[in-house]
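Source: prediction; values computed, not measured.
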Amino acid sequence: MHLASFIYPPVGNHGAWRMKESRPEMDLDINAHVEAARLAEAAKMDTIFYADTMAIKRSNNLHRGDTYGGVQPDAMALEPPTLLAALAMVTKHIGLAATASTTYNEPFNIARRFATLDHISRGRAGWNLVTSQNDNEAANFRAGDHMDHADRYERAAEFFEVVSKLWDTWDAGAVTRDKESGVYFDISKMHFADHHGKHFDVRGPLNIDTPPQGYPVIFQAGSSGVGKELAARTADVVFTAQNDIAAALTFRKDLNQLLAKYGRKPGDLKVLVGFGPTVGDTEQSAHALAQRMQDLIPDDQAISALLHISGGLDLRQFPLDGPLPDLPPANTAKGRQDLVVALAKRDNLTLRQVAKRWADGQGHLMKVGTPEQVADMMEEWVNAGACDGFVVKYSHFPGGVYDFMQGVIPELQRRGSFRTEYEGKTLRDHLGLQRRGRNA
């Protein structure tokens, strides 16, 4: 199976940072990130993975004077591509993947940024192509409201088209640096993007040679209908939130049907499910840790976090021990809203329980147990064909990271379900993906 180490500073569980043994200062501490990266590489994981957001969550509300729930503990973090460039210098094998939004960036900057990371790391870069689901970002970049969901995805599809044209600027062997002739690069092997579309007008060329992988590995994290369409069209890896095998199998079937539309095969697109394990030496100790972290999540902070996908409905007006009310359609994370609604109905959860679950795992698959029990679940999903592996999101640092990497991964390796050594040099090698681009 394939495994990505999802570093989400300072915690995955919104209460875990309050534990005495947690190190929440890892959000801005480069040494902590180096430690986590080296642990993941020692465990032979495919890649480390960083999410990104360009605004403090609910800052729109804070700006209006609504301080309910305070500021979420994941409010600040180092800028991921910059951080990954630093981590490239202290690692040799593991992939380096990060989110960069197509909603509030420009294609030329992103093409150059991730080509640079791919060169620095010698072929280990990955770009998580997403639209901004955080509607607080709009005020930091443009006048007016957050872009509509459909418009964001339309822009994202064109954004990738421009980026891929820029990565295809140079034919193989174009950069000669020939001292004898005085020719630095062969102009006949240079291509202009000359893109003229609805959202972008970009000439090019890109002022950096073709990335070592052709294209850095393209991740896509979106599970709505248009998200699946974008993944089938552009991505090498889908990072999805699924917590039911049957639903995950349906999701994958939908993706495979869409792949054919774009002349691609099922093996061209890997599916990694977001996964939050809580690991203990015994089942009892694992459940005790999970409960301890849940108890440290304040009710108002949990409800505040859930407002992100409430569709504008003020959940504070409803009794915490009543059912989750019907939610209007969201203009943020539509797929995640659908998942949470389905989870609430399936497990008959109260509003308080839904909010706590969201503040714990943000709708991802969760498992509490021993290393053997966690490994059992992971194998069950992969063997069923529901996914190719997992993006592992830890409850806290350092404990949650060490518990998984030094408990679960050795168990998977013992069973022959996970590699014991790296066999390739690039992130595409690790994931079993073909090179993409003009020079493929």
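Looking at Asp388 and His2, their side chains never bring a donor and an acceptor atom within 3.5 Å of each other. If you check the side chains of Asn31 and Glu35, you find no donor sitting under 3.5 Å from an acceptor. A donor-acceptor pair shorter than 3.5 Å can be found between the side chains of Tyr394 and Ser5. No side-chain N or O of Asp52 forms a donor-acceptor pair with one of Thr99 less than 3.5 Å apart.
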Open item on the list: Pair His364, Phe6 - check ring-ring contact (aromatic ring centres under 6.0 Å, His included), show working.
Closed with: CA-CA 12 Å; His364 290 293; Phe6 189 0; 7.1 Å; no

TODO: For Leu28 and Met76, run side chain to side chain contact (heavy atoms under 4.5 Å, CB included): C-alpha distance rounded to whole Å, both residues' side-chain angles, the deciding distance at 0.1 Å, then the answer.
DONE: CA-CA 8 Å; Leu28 304 181; Met76 77 176 56; 3.7 Å; yes

- [ ] Apply side chain to side chain contact (heavy atoms under 4.5 Å, CB included) to the pair Leu343 and Val354, showing each step before the final yes or no.
- [x] CA-CA 8 Å; Leu343 179 66; Val354 173; over 6 Å; no

Open item on the list: With side chain to side chain contact (heavy atoms under 4.5 Å, CB included) as the criterion, how do Leu117 and Arg113 come out once you've worked through the C-alpha distance, each side chain's angles and the decisive distance to 0.1 Å?
Closed with: CA-CA 6 Å; Leu117 181 60; Arg113 191 172 300 155; over 6 Å; no

Open item on the list: As a quick check of understanding, evaluate side chain to side chain contact (heavy atoms under 4.5 Å, CB included) for Arg233 and Leu258, giving each step before the final call.
Closed with: CA-CA 8 Å; Arg233 180 175 178 177; Leu258 288 168; over 6 Å; no

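Every residue was checked against the ring pair (Phe, Tyr, Trp, His ring centres under 6.0 Å) condition with Phe418, not counting sequence neighbours, and none meets it. Residues that satisfy the side chain to side chain contact (heavy atoms under 4.5 Å, CB included) test with Ala32, not counting sequence neighbours, are Arg23, Met26, Asp29, Phe397. The ring pair (Phe, Tyr, Trp, His ring centres under 6.0 Å) test applied to Phe404 returns no partner, not counting sequence neighbours. With sequence neighbours excluded, the residues forming a salt bridge (Lys or Arg N to Asp or Glu O under 4.0 Å) with Glu154 are Lys198, listed by chain and number. Applying the side chain to side chain donor-acceptor pair (under 3.5 Å) test to Arg357 and every residue at least two apart in sequence or in another chain returns Asp347. Arg414 meets the salt bridge (Lys or Arg N to Asp or Glu O under 4.0 Å) test with Glu411; sequence neighbours excluded. Residues passing the ring pair (Phe, Tyr, Trp, His ring centres under 6.0 Å) test with Tyr215 are Trp167, sequence neighbours excluded. With sequence neighbours excluded, no residue forms a salt bridge (Lys or Arg N to Asp or Glu O under 4.0 Å) with Lys367. For Thr240, the side chain to side chain contact (heavy atoms under 4.5 Å, CB included) test picks out Ser223, Val238, Gln242, Phe251, Val271, Val273, with sequence neighbours left out. Considering only residues two or more places apart in sequence or on other chains, Glu372 meets the salt bridge (Lys or Arg N to Asp or Glu O under 4.0 Å) condition with none of them.
In this pair, His149 and Tyr153 present their aromatic rings tilted. The plane angle is within the 30 to 60° band.
For the pair Asn136 (side chain) and Lys57 (backbone), a donor-acceptor distance under 3.5 Å is absent. For Arg419 (side chain) and Lys44 (main-chain N/O), a donor-acceptor pair under 3.5 Å exists by modelled atom type. A distance-only check finds no donor-acceptor pair linking the side chain of Asp360 to the backbone of Lys356 [under 3.5 Å]. Judged purely by atom type and a 3.5 angstrom limit, Thr103 uses its side chain to pair as donor or acceptor with the backbone of Ser132. Side-chain atoms of Asn140 come within 3.5 Å of backbone N or O of Met54 as a donor-acceptor pair. Between the side chain of His119 and the backbone N or O of Thr210 there is at least one donor-acceptor pair closer than 3.5 Å. At distances below 3.5 Å, at least one donor-acceptor pair connects side-chain atoms of Thr102 with backbone N or O atoms of Val130. Put simply, the side chain of Asp46 gets close to the backbone of Leu3: a donor and an acceptor are under 3.5 Å apart. Within the 3.5 Å criterion, the main-chain N or O of Pro216 finds no donor-acceptor partner in the side chain of Trp127. Here the side chain of Ser22 pairs no donor or acceptor atom with the backbone of Pro24 at under 3.5 angstrom.
Minimum interatomic distance between Ala51 and Pro80 (heavy atoms only, all atoms of both residues): O-CG, 3.4 Å. Across Pro371 and Gly280, no two heavy atoms sit closer than the pair CD-O, 3.4 Å. Summarising the geometry of Val279 relative to Ala286, their closest heavy-atom pair is C-CB, 4.1 Å, with the distance given to 0.1 Å. When all heavy atoms are compared, the tightest approach of Ala4 to Phe49 is CB-CB, 4.5 Å. The shortest non-hydrogen separation linking Ile208 to Ala115 is CG2-CB, 3.8 Å.
Within the 4.5 Å cutoff, the side chain of His14 has no heavy atoms near those of the Trp358 side chain. Using a 4.5 Å heavy-atom cutoff, the side chains of Phe160 and Leu230 are not in contact. You'll find the side chain of Leu313 reaches within 4.5 Å of the side chain of Pro325, heavy atoms only. Using a 4.5 Å heavy-atom threshold, the side chains of Arg435 and Thr426 count as separate. In this structure the side chain of Phe159 reaches within 4.5 angstrom of the side chain of Ile110, judged on heavy atoms.
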Show me, pair by pair, the donor-acceptor contacts under 3.5 angstrom made by side chains of residues 81-98, not counting sequence neighbours?
unit_1 : atom_1 : unit_2 : atom_2 : d
Thr82  : OG1    : Glu79  : OE1    : 2.4
Thr91  : OG1    : Leu87  : O      : 2.8
Thr91  : OG1    : Arg124 : NH1    : 2.9

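Atom NE2 of His287 has more than 12 neighbouring heavy atoms from other residues, nucleotides or ligands inside a 6.0 Å radius. Counting non-hydrogen atoms of neighbouring residues, nucleotides and ligands closer than 6.0 angstrom, the CD atom of Glu21 exceeds 12 such neighbours. Surrounding CZ of Arg122 are at most 12 heavy atoms belonging to other residues, nucleotides or ligands under 6.0 Å away. Taking a 6.0 Å sphere around CG of Asp66, one finds it holds more than 12 heavy atoms contributed by other residues, nucleotides or ligands. Within 6.0 Å of the CG atom in Asn383, the count of heavy atoms belonging to other residues, nucleotides or ligands exceeds 12.
Under the salt bridge (Lys or Arg N to Asp or Glu O under 4.0 Å) criterion, the residue pairs touching residues 263-274 are Lys265-Asp268, with sequence neighbours excluded.
A cation-pi contact links Arg316 to Tyr68, judged by a cut-off of 6.0 Å to the six-membered ring centre and 45° from its axis.
Salt-bridge check for Glu137 with Arg152: failed, with every basic side-chain N at 4.0 Å or more from each acidic carboxylate O. Ion pairing between Arg415 and Asp376 holds under the 4.0 Å rule for side-chain N and carboxylate O.
From Phe114, atom CZ reaches atom CG of Leu166 across 14.5 Å, with rounding to the nearest 0.5 Å. Atom CD1 of Ile309 is separated from atom CG of Asp338 by 9.5 Å, given to the nearest 0.5 angstrom. Note that CG of Leu306 is 7.5 Å distant from CG of Leu327, once rounded to the nearest 0.5 Å.
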